[in-house]
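This report concerns only the one structure given below.
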Amino acid sequence: MTLATKLAHLSSTIKSSVNAKPIFKPTINLSILETHLQKCQSFKQFTQILSQMILTGLIADTFASSRLIKFSTDLLPFIDMSYSFKIFAFLESPNGFIFNTMMRAYIQRNVPQKAICLYKLMLNNNVGVDNYTYPLLAQASALRLSVFEGKLIHDHVLKAGFDSDVYVNNTLINMYAVCGDLSAARKLFDESPVLDLVSWNSILAGYVNADNVEEAKFIYNKMPERNIIASNSMIVLFGRKGNVAEACRLFKEMPKKDLVSWSALISCYEQNEMYEEALVLFMNMIDHRVMVDEVVVVSVLSACANLTVVKTGTSVHALAVKIGIECYINLQNALIHMYSSCGEITTAEKLFDAGHNLDLISWNSMISGYLKCGSVEKARALFDAMIEKDVVSWSTMISGYAQHDQFSETLSLFMEMQHHGIRPDEATLVSVISACTHLVALDQGKWIHAYIRKNGLKINSILGTTLIDMYMKLGCVDNALEVFHGTEEKGVSSWNALIIGFAMNGLADKSLEMFSEMKKSGVTPNEITFVGVLGACRHMGLVDEGHRHFNSMIQEHRLEPNSKHYGCMVDLLGRAGMLKEAEELIESMPMSPDVATWGALLGACKKHGDHEMGERVGRKLVELQPDHDGFHVLLSNIHASKGRWDDVLEVRGMMVRRGVVKIPGCSMIEANGIIHEFLAGDRTHPQINEIDNMLDEMAKKLKLEGYAPDTLEVAFDIDQEEKETTLFRHSEKLAIAFGLITISPPNPIRIMKNLRICNDCHTAAKFISRAFDREIVVRDRHRFHHFKHGSCSCMDFW
DNA sequence: TTAGGGTTAG
């Protein structure tokens, strides 16, 4: 559309929109126009001025119409841009001034493409461009992030001969920098005949935003004059790069600081997880009577959220109200986030309900707040109510499920996320993988690993650790190793996952080997490392080596052993039959021994048949934790193994009186992507008949192999044959039978049990692995058992 | 004659 047709088209619109018949005789002229416009209070008054201008013909005066356009686009908030454009289009021959004003208005409203269109219109209609036009065009290209367009503008600048105008050059430098073409920006900067402070700041900003510390430092050091904006940018850059010391040094050296300087350093602390320092500096800032605004308050609130200091957060909130900045959307987000992070969900709820036009961040904060205080359902309801969700919303909800042990929901929500085409990030995948681990969903876990590889996602230290942990816990040692070697940033946790994983899988020597390799590579072991190392010794029965590591932990690495480490040692000694030493170690503990430690000793008593000590420890334990099912069961089993059925009944009676419910043994197995669960004696599985047949076949084959049921495991006073039947319907055996039917060789049959595998099932599994020539992997509450050719990786030491 | 401007930092 040419300008002429455009004008013709629009002049009819504008004529009908203004009051063509003013009540008063039109009196307007150039000398009073400015006063009228300044006094103009409403759209109606404005249309009266406009109609008077049309009727008097004043509109044809370019100066008058340029004032009209300036007021309508910039000074009168009740006139919208489309109306201004109608006036503009109505003008017979707008000059360069008027074009520039319109372009500026479009750029301010973030519609740069219209500014570019106007420029084309200018060229087509031979409207003279000037040195004010090009900075606007450079800015428009910068907003559109189009170097292509920016280069064209640059060409026009050269042709039109404005290349020695410092404004023009500065906006072009900025355009190149914003669009990421730093070499073009630098070339222009180096070749520009005119440079001022803004030129230096613009090129510096380019390097700062590109995180190019070298070049930024070079420019900063060469600047003819240190200016506050440049120093502020450098603080920001150092902060982003984690170089807090440099940022601090620069801040201290600055002869003059402004609000942004303080705020930059506070945010630097906040970004580098130095939350306390951020708060201290903020207090300092207030003491120095520096003005505070909403940006710095947002940083400070985030620090409060991370430190969960709701008291400080509340006073910062009060300050925000006092200085009248609480209406800012970012501030509202920060407040809601702070309160919900601190567990003050009711306060967060109030702000959330009262706020309007709150953005995604607030919704996400509320979801995580609800999850933090355990209201999974409320979180889900809010999540479902969201019209727009981002990856954070999905990840928050997904990890919420995982944190509340709702692993099936974790996976199904992840599937839904995929369905919506949302790309998961590392945080999402960590939760999903951990859910796979808990559900023994190896196929799904492998699928996610493949997804990571296919999509080229970076395996950072946390994600790597989660994957290693999954493969180890699912008995896939080789895959775990492969992930470990493929992880670039190996943190102490990556090593830990490997050390613990090897130990768990019965490869204690590998575990200890890794430990020395870890030390060689310069990674400092932590408490968790020693849980793995001592665990490895425990699984192998390496009493001396265990002692050595335990002592080195204290003497060499200056780590304080916690109850877990003591528990390991007690278990190690106890299993080796050194019951006396184990009991002494418990008594020497600096902290009061936890139930797990006593439990380890109780287990050892049972194993070594120390009835006297077992009873003593057992009674202590049931007193210590009267609601714990396992200890009652263990105590009653000790009695049962001695055939003391009266005592068994007494313990069982105690359990009934105390309302202790024995957690039923449950085995899980994944087949074709579906998780199947079996309880002892379970007959609910749809393929129960086939399973029954397989159980019969198993029984026959096992008898031939010489298997004898270990009826001592059945702690009920029932007859022998009945005991054998009960034994043969243990959940592990049901799962193995099901595995034999559904999982084709050579794939191993992988089973997870919530409790420890019982003696008889352990023996039976060994026999089955030989009789059926199948590999069986059972992960129980404690560790792994890889059954192959009639023996187990734990070498019967568990 | 009168009128209009650019850039950077938390």
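Just the heavy atoms: all of them, side chains too, but no hydrogens, waters or symmetry mates, feed the values below. Chain letters run A, B, ... following the sequence lines, proteins first and then strands; every chain starts at 1.
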How long is the line joining CZ of A:Phe97 and P of B:dG5, in whole Å?
11 Å

Under a 3.5 Å cutoff, is there a donor and acceptor pairing between the side chains of A:Ser72 and A:Ser84?
yes

Sole candidate of A:His154, A:Arg186, A:Lys151, A:Lys187 that passes side chain to side chain donor-acceptor pair (under 3.5 Å) when paired with A:Tyr176
A:His154

Test of ring centre spacing under 6.0 Å for A:Phe46 and A:Phe43
no

Output the residues of residues 216-235 of chain A in contact with DNA chain B, where contact means a heavy atom of the residue under 4.0 Å from an atom of the strand; sort by number or write none.
A:Ile229, A:Asn232, A:Ser233

Without decimals, in angstroms, what is the distance between A:Gln271 CD and B:dA9 P?
15 Å

Looking only at the side chain of A:Ala264 (C-beta and beyond, no hydrogens), which of the listed nucleotides B:dT2, B:dG10, B:dG6 gets closest?
B:dG10

Picking from B:dG4, B:dT7, B:dG6, the nucleotide nearest the side-chain atoms of A:Asn100 would be B:dG4

Under 4.0 angstrom, heavy atoms only, what part of the nucleic acid is A:Val236 near: base, sugar-phosphate, or nothing?
sugar-phosphate

Is there, by distance only and without an angle test, a donor paired with an acceptor across the side chain of A:Asp293 and the base of B:dG10 below 3.5 Å?
yes

Got a list of side-chain donor-acceptor pairs under 3.5 Å for residues 59-69 of chain A, not counting sequence neighbours?
residue: A:Asp61; atom: OD1; partner: A:Phe63; partner atom: N; Å: 2.9
residue: A:Asp61; atom: OD1; partner: A:Ala64; partner atom: N; Å: 2.8
residue: A:Ser65; atom: OG; partner: A:Asp61; partner atom: O; Å: 3.1
residue: A:Ser65; atom: OG; partner: A:Thr62; partner atom: O; Å: 3.2
residue: A:Ser66; atom: OG; partner: A:Phe63; partner atom: O; Å: 3.3
residue: A:Arg67; atom: NE; partner: A:Glu34; partner atom: OE1; Å: 3.0
residue: A:Arg67; atom: NE; partner: A:Glu34; partner atom: OE2; Å: 3.4
residue: A:Arg67; atom: NH2; partner: A:Glu34; partner atom: OE2; Å: 2.9

Presence of donor-acceptor pair under 3.5 Å, side chain of A:Ser267 and base of B:dG10:
no

Could you tell me which residues satisfy ring pair (Phe, Tyr, Trp, His ring centres under 6.0 Å) with A:Tyr134, sequence neighbours excluded, listed by chain and number?
A:Tyr119, A:Phe162

Would you find a donor on one side and an acceptor on the other, under 3.5 Å apart, between the side chain of A:Glu344 and the backbone of A:Ser340?
no

Heavy atoms only, 4.0 Å cut-off, all strands: where does A:Leu136 land among base, sugar-phosphate and nothing?
nothing

Base, sugar-phosphate, or nothing: which does A:Asp74 touch, judged by heavy atoms less than 4.0 Å apart?
nothing

Using whole Å, report how far CH2 of A:Trp200 lies from P of B:dG6.
24 Å

With respect to the side chain of A:Asn131, which nucleotide from B:dG5, B:dT2, B:dT8 is positioned closest?
B:dG5

Between atom CD1 in A:Ile69 and atom C1' in B:dT2, what is the gap in whole Å?
17 Å

Side-chain donor/acceptor of A:Asn174 to base of B:dG6, under 3.5 Å
no

For the ring pair A:Trp363 and A:Phe352, is the centre-to-centre distance below 6.0 Å?
yes

Does A:Trp262 stack onto the base of B:dG10, taking stacking as ring centres under 5.5 Å apart and planes under 30° apart?
no

